Amino acid sequence: MCGIVGYIGSKDITSVLLSSLWKLEYRGYDSSGIAVIENGELKVVKSVGKLMTLQEKLSKERIEGSVGIGHTRWATHGEPSDHNAHPQTDCNEKFAVVHNGIIENYYTLKEKLIKRKHIFQSTTDTEVIAHLIEENYNGDLKDAVLRTVKKLEGSYAIAVLSPYEDDKIIAYRKGSPLIIGVGNNENLLASDIPAVISHTKNIIIMEDDELAVIKRDTIEIFNQKGEKKPLKINKIEWEPESIEKGEFKHFMLKEIFEQPEVIRRNISLRIVDNKLNFGDSFRFNKKELSNITNIVIQACGTSWHAGYIGKYLLEDIARINTEVDISSEFRYRNPVYGGETLVIAISQSGETADTLAGLREAKAKFLKVLSFVNVMGSTISRESDSTIYLNAGPEIGVASTKAFTSQILNIYLFTLYLARIKWRLEDEEINEKFALIKELPDKIKVVLNNNERIKEIAGIFKDKKNFIFLGRGINYPVALEGALKLKEISYVHATGYPAGELKHGPLALIDKETPVIAIATSSNVYEKMLNNLEEVKARNGIIIAISNMNDEKVKKIADYIIEVPYVIEHLSPIINVIPLQLFAYHLADMNGRDVDKPRNLAKSVTVE
Ligand code: AGP
């Protein structure tokens, strides 16, 4: 939540800060602002509303300078407004601060600061940081920041700018992400790589409790005691174009259409000479995994749905007892762990606060943690014992699409790996499955080729106010995912249900106004699903069915059919979710929704 940027160098300061902020708008978009040192003075420009309003404001006044910071906000403390937008400043406008995260003890700090005659302009938690730095400044900004963070509780990333020391930006990370882009006679700071990739591919990923002093031609990293640490520079492999929309109207649509390539990339990285390879970040040895008797998967939102699919796979193929829980529940319950338990955390961003807290809970109980993460070097991956990366490339649309299908594929591959270790599958059986997996990219393309028909069907239902998504077995979580996609980007109410549960209550919702989207592809519960659809039909429900090609039985019951190619049941979620992603996309777009940046949401949820 919230995006931070910083720049020091000789390029046009407002355009660099703005273009970096545009790349981070997915992290929050209710207000934004920048601070630049212009002729020895701190110049702050902020605006409530989307980044475009700040851009319009900035187009009317030229700001000159070579060092600046910027912010795009997702409000936690204080409503979105000009005053609450960041940068926040101290009483004398000598220190500007941008912040991502939450200062949990801000109220107590603020009361004390007010008693000491500080005057507050905002209702944010962030402003206390600027006032504390003001008090702690004694001619050394680095020192003032180090003394300030000692008083802060919570998780945060901050960047600080002051005309007293106009040759640097000071950054501090504790719990929220920060990276430094290492340039040539210029350096950048950001919450995420897309903000700097068009300037440099050399990145330093800051760790918790590190302070950075970023100057034009030097970068120094210190620990919280102020001791210098060595620099670790990573080279980013992906190209700047991967974060552009290209010919697509929205990132979400682009990311849906990238899925054949994402799956193909994972296949070529993971299946090498008919052996599974999860890369260097996978550090478990076969011996420790062969002892696993229980698995607990914890994640949020779409990643939780992928985890739910994982439960079906791990139990059915590897025969390992698997629980799946929403992280915000998992972290506060007191589970009983039996036998050798492996905890799995799943996260696209690798920064989700609840998932991270669940991981830390597990580690505190000395359990092993494996994570499935998309963003390299993110906190969840760094704190896990092992990580399997998703290789989905940057996912910018708030609605997760390609990360979901690569989560399912990687969990499926890990399941095969475990099944082999535990002698549940022979090499030959695994090779047969590899052959089926390799057919996936082309089969996904077949679904994507049906885009126009899916759009047509979405058009028919674009004014409906309620939708029910039904699935059974491994496709029940896909129904949940279809409902989540629709509600988060179209703001239409949708609920996902296991079809067998309909008669225990939700059947009362069925009437001719409520479309039912049902996943009715080949499976061990296919006939059961048809019975459930008959129950809907008998109550005048309108059925949109996802079925395999030329399925005459489904055709007789459903009002609308979206055909998808046949794949084995265990892989079917990867195919079946794609029409649901497209359906949600088109329905939201036709209703004029801001598909990539739906209201009230942000891409990475770094607050509880
Ligand atoms: C997905 O479309 C959502 N925007 C959201 O549910 C997301 O999946 C959830 O916040 C978890 O994020 P993560 O995968 O980055 O941990």
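As the structure lists them, so they are numbered: ligands from 1, and atoms in each ligand from 1. Treat the numbers as computed from the prediction; the structure is a model and nothing was measured.
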For this session: May I ask you to check if ligand 1 and S349 share an N or O to N or O distance below 3.5 Å?
Result: yes

Identify whether the distance between the nearest side-chain nitrogen and carboxylate oxygen of [X] and [Y] falls below 4.0 Å.
X	Y	answer
K249	D589	yes
K402	E258	yes
K23	D192	no

Seminar exercise, completed: Heavy-atom proximity to atom 13 (P) of ligand 1, picking from V398, L390, T352, points to T352

Exercise. Out of curiosity, W74 CH2 to R27 CZ, how far, rounded to the nearest 0.5 Å?
Worked result: 12.5 Å

For this session: Would you confirm whether Y29, through its side chain, and L601, through its main-chain N or O, come within 3.5 Å as a donor-acceptor pair?
Result: yes

Problem set entry | Side chain T415, main chain L313, donor-acceptor under 3.5 Å | no

Per-atom contacts of ligand 1 with [X], taking only distances under 4.0 Å to non-hydrogen atoms:
X	value
S303	8 (O), 13 (P), 14 (O)
Q348	13 (P), 14 (O), 15 (O), 16 (O)
S400	1 (C), 2 (O)
A399	2 (O)

Note the single closest protein heavy atom to [atom], along with its residue, its atom name and the distance in Å.
atom	answer
atom 9 (C) of ligand 1	C300 O, 3.7 Å
atom 6 (O) of ligand 1	G301 CA, 3.2 Å
atom 3 (C) of ligand 1	E488 OE1, 3.4 Å
atom 1 (C) of ligand 1	T302 OG1, 3.1 Å
atom 10 (O) of ligand 1	V605 CG2, 3.9 Å

Problem set entry | 4.5 Å side-chain heavy-atom contact, L289 and Y417 | yes

Problem set entry | Heavy atom of K485, distance to ligand 1 below 4.0 Å | yes

Problem set entry | Steps toward side-chain hydrogen bond (donor to acceptor under 3.5 Å, both in side chains) verdict (S347, S303) | CA-CA 6 Å; S347 176; S303 297; 5.4 Å; no

